[in-house]
Amino acid sequence: MIPNGVRRFLERDPPRLRFGLATAAAAWLAIVLAATLDLPNGHWAGITVLTVSQPTKGLLFEKCLWRLVGTTAGALVGIGLLAAFATHPAAALAGLTVWLACCAGMSAMFRHFRSYGAVLAGYTCAIVALIDFDHPASVQDIAYGRIACTVIGVLAATAVTGLLMPPSGRRALLDRTRQTGAELLERCSDLLSGSTGAADQGALLALVARLGDLDAEADEVLDGAPGARWRKRRLRNLLASLLLVASRARALARSDDPSDGRTLQELASLLDQAAARFRVQDPLGGGAFPNDGSPPDAAGPLANTRAALGAALGDLRDLERAPATGTGPARLATPADWQGALRAGARTALCVLPMGLVWLATGWAAGSLMLLGTCVFVTLLSANELGAPTIRRIVLGVLAGIGLALLFRTVVLPHPAGLSVLLLALVPVLCVTAAGLTFRLTAVSTVEFNNFFLMMSQPTHLAPLGPPLAQQGSAMLLGIGVAALALHFVMPLDVERRKRRLRRALAEDVADLAEGGSGKRFAHWEARTLSRGLRLLAGLGRRDRTSDAGEVLDLLECGRELRVLADAKAAGVVIRSVA
């Protein structure tokens, strides 16, 4: 008989429980394989499993790929640093600082797992260069062990969790997108029909804000699946088209003197038809989108709205079929975030360099581990707007992991133990890890708990290597503490600061557009505004998101009006020149 409390726990969230158990089993298997092959620091194989494991197969494969790329690049750079500056610690520190700053900056420029690969390239270099800095002759063994353990961890995670996890959440994401699109189009139709009040207009803005969440989810769900790049582009094109439709409908509904009431009714009818197609499995199965009677090159509100609706339905159709070759059209242009990259790089350098100088000045035997802790977490979280709250959860896991490792080596196994005993003793710890991964609230802390327990207890060594474990634990805690302070106080990054930068950039782009320009310039502005607008709408913040949604829609309509004025001005110039 299973006790009721245990049964309730097992039935709480079966997919996440399965994920936790599979991850813990894969980590133990990876450590056993690394120990069997007598690899240095074989616990890295288990750490790799904990780090790359994902709740779907596609995400697992994608993250494994970028971990291998980042680990290999970082290991090679670490070897190069020690080979060039083994007898010049200050030069090695300067080179490491520059490399980490560059990697942190690149992580701010990329999205999702490409950003993760840049981070890995940074702190893997720090691991290879610092873990045994006083013995540079062993750097090649350390680098080889790091890469080999990464490969083993990737294979173990793929073999165990890859077999048990579902393929992807693509279907659920597309269903949410379809539902959101249908609701948004229906709200727009009601708006044009004059049958909505202030509360209904607020509901429309809430739906617009939800588009930003869908944009953010695209990477999390679609990466690693076949045709991911194709589907992400089509999904974001669809979200952009819906933004344009909502902007045009809202502007027409707010007009004090509509030029043609019949036009508004026709628009409302088109919106209802499009919403109905969003709710069926085959959005174009009923034939071509109905013609509104306007010529193909018409530029009026009816033609503009019809064109955006047609584009949205075309993107929805493409999302439902197998990806084709090529990339297709893109209605969004993502500008490079150079400011964010510079901030991430500068924050990393301002934190790593002083800690390195303290280590070199004091000559502390465990000082390289102190610097290593700083390097890993500052690089990892410098470009993460949730870095400050995340590291607080990380610190809890680190404290628990280091504390248990000290107990493990000083109380449970105070004397050198056989390898089989050490590996069997890991099983209860990994059971705790499996339980922690089952709950979303404790997942981050659990990963770091397991990682630092493995780093400190060194289960593939009969006796721990390096300085006394107490010194190693103190050094790592000090380094991570400095990283935590840096993320809170040294050029801090959070959701509100990112959104303020985006609002400023959007306003500057509109002001620049107001100075005049060609249709090509307007198209470029619109693509940038759609991209930045979706990013502004994603994530929570202290400001009401419906306010951001209204601002984005107003900016899009403002740009359209500027384009109309520019075209009219150009036409007037032509007429005068002919006269």
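The model shown is predicted, which means the values in this text are computed figures rather than measured ones. What's counted below: heavy atoms across the whole structure, side chains too, no hydrogens, waters or symmetry copies.
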field: Residue of the set Thr390, Ile480, Val482 for which side chain to side chain contact (heavy atoms under 4.5 Å, CB included) holds with Phe377
entry: Ile480
- request: Mind checking side chain to side chain donor-acceptor pair (under 3.5 Å) for Asn451 and listing every partner two or more places apart, or none if nothing turns up?
  value: none
message: For the OG atom of Ser247 and the CG atom of Leu530, what is their distance to the nearest 0.5 Å?
response: 9.0 Å
- prompt: Salt bridge check: are Asp548 and Arg503 linked by an N-O gap of less than 4.0 Å?
  reply: yes
- request: List for me each residue that meets side chain to side chain contact (heavy atoms under 4.5 Å, CB included) alongside Pro389, sequence neighbours excluded, and say none if there are none.
  value: Leu386, Arg392
message: Assess whether a salt bridge exists between Arg279 and Glu183, defined as any Lys/Arg side-chain N lying under 4.0 Å from an Asp/Glu carboxylate O.
response: no
field: Pro492 backbone acceptor or donor facing Arg343 side chain under 3.5 Å
entry: yes
query: Is any NZ, NE, NH1 or NH2 atom of the basic residue among Arg535 and Asp215 found under 4.0 Å from an Asp or Glu carboxylate oxygen of the other?
result: no
- prompt: Does a salt bridge link Arg521 with Asp512, judged by any charged N lying under 4.0 Å from a carboxylate O?
  reply: yes
- request: Tell me, please, whether Trp230 has Arg234 positioned over its six-membered ring: NZ or CZ under 6.0 Å from the ring centre and within 45 degrees of its axis?
  value: yes
- prompt: Do Arg545 side-chain atoms and Leu537 backbone N/O form a donor-acceptor pair below 3.5 Å?
  reply: yes
field: Those residues that, when tested against Asp337, pass side chain to side chain donor-acceptor pair (under 3.5 Å) (two or more places apart)
entry: Arg501
task: Applying salt bridge (Lys or Arg N to Asp or Glu O under 4.0 Å), name anything that partners Glu526, two or more places apart in sequence or on another chain.
output: none
message: So that I can tick it off, tell me whether Arg532 and Asp509 are bridged by a salt bridge, with the cut-off set at under 4.0 angstrom between side-chain N and carboxylate O.
response: yes
query: Would you say Thr442's side chain and Gly436's backbone share a donor-acceptor pair under 3.5 angstrom?
result: yes
task: Take Arg393 and Glu448, measure what salt bridge (charged side-chain N to carboxylate O under 4.0 Å, His left out) needs, and give me the verdict at the end.
output: CA-CA 9 Å; Arg393 296 163 67 183; Glu448 298 307 328; over 6 Å; no
- prompt: Do side-chain atoms of Arg347 reach the backbone of Ala101 as a donor and acceptor pair under 3.5 angstrom?
  reply: no
task: State whether the side chain of Thr158 and the backbone N or O of Val154 hold a donor-acceptor pair below 3.5 Å, judged by distance alone.
output: yes
field: Pair Glu496 + Lys499: basic N to acidic O under 4.0 Å
entry: no
Residue pairs involving residues 113-123 (criterion salt bridge (Lys or Arg N to Asp or Glu O under 4.0 Å); sequence neighbours excluded): none
task: Take Ser531 and Thr334, measure what side chain to side chain donor-acceptor pair (under 3.5 Å) needs, and give me the verdict at the end.
output: CA-CA 6 Å; Ser531 178; Thr334 305; 3.3 Å; yes
message: Any side-chain to backbone donor/acceptor pair from Lys63 onto Thr51? Under 3.5 Å, distance only.
response: yes
query: Is there a side chain to side chain donor-acceptor pair (under 3.5 Å) between Thr348 and Ser382 once you walk through the steps?
result: CA-CA 7 Å; Thr348 300; Ser382 271; 3.0 Å; yes
task: Could you tell me which residues satisfy side chain to side chain donor-acceptor pair (under 3.5 Å) with Arg250, sequence neighbours excluded, listed by chain and number?
output: Asp554
task: Test Asp494 against Arg497 for salt bridge (charged side-chain N to carboxylate O under 4.0 Å, His left out), laying out the working first.
output: CA-CA 5 Å; Asp494 57 33; Arg497 286 180 172 84; 2.6 Å; yes
query: Would you find a donor on one side and an acceptor on the other, under 3.5 Å apart, between the side chain of Ser445 and the backbone of Ile394?
result: no
